[in-house]
Amino acid sequence: MIVDAQGRRFRNLRVSLTAACNYACTYCVPDGKRLQAAVAELGASELLRAVRLLVESAGIDKLRITGGEPLLSPKFDEFLPAVMRLPLKDVSVTTNGQFLPKKADLIVASGLKRINVSLDTLNALRFRSIAKSGDLATVLDGIDRMLRAGLNVKVNMVPMKSANVDQILPMLDYCLERGIELRFIELMNMGHLKYSAAYQRDFFGMDDILALIGRRYEFARTDAAYDSTSVRYEIPGEGTFGIIANESEPFCASCTRLRLSSNGYLYGCLSSTKRHPIADLLQLPDDQAKTLLQTRLMGALGDKQTVQFKGEVTVMKFIGG
């Protein structure tokens, strides 16, 4: 098992099934440009072998299936049931929810217990303005189907001054009524927002979020896992919410995350453009592949920031946000 000088190791793996996405959210890509599949994306069987090697070599015990939009990928139907059979403590999926109604039966049958849905507003017109595509009613229907099936649902919202700050309380009310934990994600200074005036214009941080929520609810900070990215709060008798405060309260010092892109590269840190190829290892027997994989894992771990997120020009959707 590889451990760095700060005691960090890889435990959480995020696997991007595809870089393609049916949305073009304003905080993810510029000018409404939809993301396409990456060149030479790995197939489902190749990604599954890569995951197995990482589980056995790095001690990965948690896995999140991401994209792009993972439910858009034809690999999803094969990949999800297969990873559910691996020796992992936790498997989850992050999705924009547009295809949840179509994939609901498969998801439930797989035994998946947790799913995260990215949703930035409950206003249908604002939804189209932010996502540049999709249908709000379909997403809400998908969330309801997951809840009825007994899945633990979390909703991720990116508050932005110019777009949806007025939706913070309606979104929180919606989630509390349904037993959903809403997680506010501070706008990330990366991709097309890096070095952009738009980032400073739209950033709405943890203190602002808490002040706004405090107008309606009393809340107290509560426990979160050591390597959690989320600062969690409890509203007595109502539920919980979280804030992923990458700027206001950095969590780099305890980060255990590793990302595997759809075209076979490992990324150890979102603040680094460095990537480590592993597609070539998939052509080798297990023993040889694991030996070489150790060196590349050491490189990826060495890419991590020591204190806080610095941002990069890399588009998160390409590397499994």
More than 12 heavy atoms of other residues, nucleotides or ligands under 6.0 Å from NZ of Lys290: is that the case? yes

State, yes or no, whether a side-chain contact exists between Val165 and Met160 at a heavy-atom distance under 4.5 Å. no

Salt-bridged, Arg126 to Asp120, with N to O below 4.0 Å? no

Counting only heavy atoms not in Gln288, do more than 12 fall under 6.0 Å of its CD? yes

Does Arg64 pair with Asp90 as a salt bridge, N-O distance under 4.0 Å? no

Is atom CG of Asp286 surrounded by more than 12 heavy atoms (other residues, nucleotides or ligands) closer than 6.0 Å? yes

Can Asp303 and Arg275 be counted as an ion pair, charged N to O under 4.0 angstrom? no

Between the CD1 atom in Ile130 and the SG atom in Cys25, the distance rounded to the nearest 0.5 Å is 7.5 Å

Examine the side chains of Tyr27 and Asp202 and answer whether a donor and an acceptor come within less than 3.5 Å of each other. no

Please examine the side chains of Arg215 and Leu212, heavy atoms only from C-beta on, and report whether any two atoms are closer than 4.5 Å. yes

Indicate whether the side chain of Glu41 and that of Thr18 have a donor and an acceptor atom separated by less than 3.5 Å. yes

Would you say Thr121 and Met157 make side-chain contact, with heavy atoms under 4.5 Å? no

Ring centroids only, cut at 6.0 angstrom: are Phe204 and Phe184 within range, meaning strictly under it? no

Taking Glu249 first and then Arg221, would you say they form a salt bridge - that is, a charged N and a carboxylate O separated by under 4.0 Å? yes

Between Glu69 and Gln98, is there a side-chain heavy-atom distance shorter than 4.5 Å? no

When every non-hydrogen atom of Phe10 is compared with those of Leu297, the smallest separation belongs to CE1-O, 3.6 Å

Do we see a donor-acceptor contact under 3.5 Å between the side chains of Ser133 and Asn22? no

Say you draw a straight line from CD1 of Ile243 to OG of Ser230; how long is it, rounded to the nearest 0.5 Å? 8.0 Å

With heavy-atom distances below 4.5 Å as the criterion, would you say the side chains of Val93 and Leu71 are in contact? yes

Indicate yes or no: at least one non-hydrogen side-chain atom of Leu17 is less than 4.5 angstrom from one of Thr66. no

What I want to find out is whether Asp166 reaches Lys161 closely enough, with some N-O distance under 4.0 Å, to be called a salt bridge. no

Drop me the distance from Met84's CE to Leu112's CG, to the nearest 0.5 angstrom. 5.5 Å

How about Arg257 and Asn12: does a side-chain donor come under 3.5 Å of a side-chain acceptor? no

For Asp287, is the CG atom crowded, meaning more than 12 foreign heavy atoms sit under 6.0 Å from it? yes

Closest non-hydrogen atom pair, Gly68 against Ser16: N-OG, 4.2 Å

Donor-acceptor pair between Arg232 and Thr222 side chains, under 3.5 angstrom: no

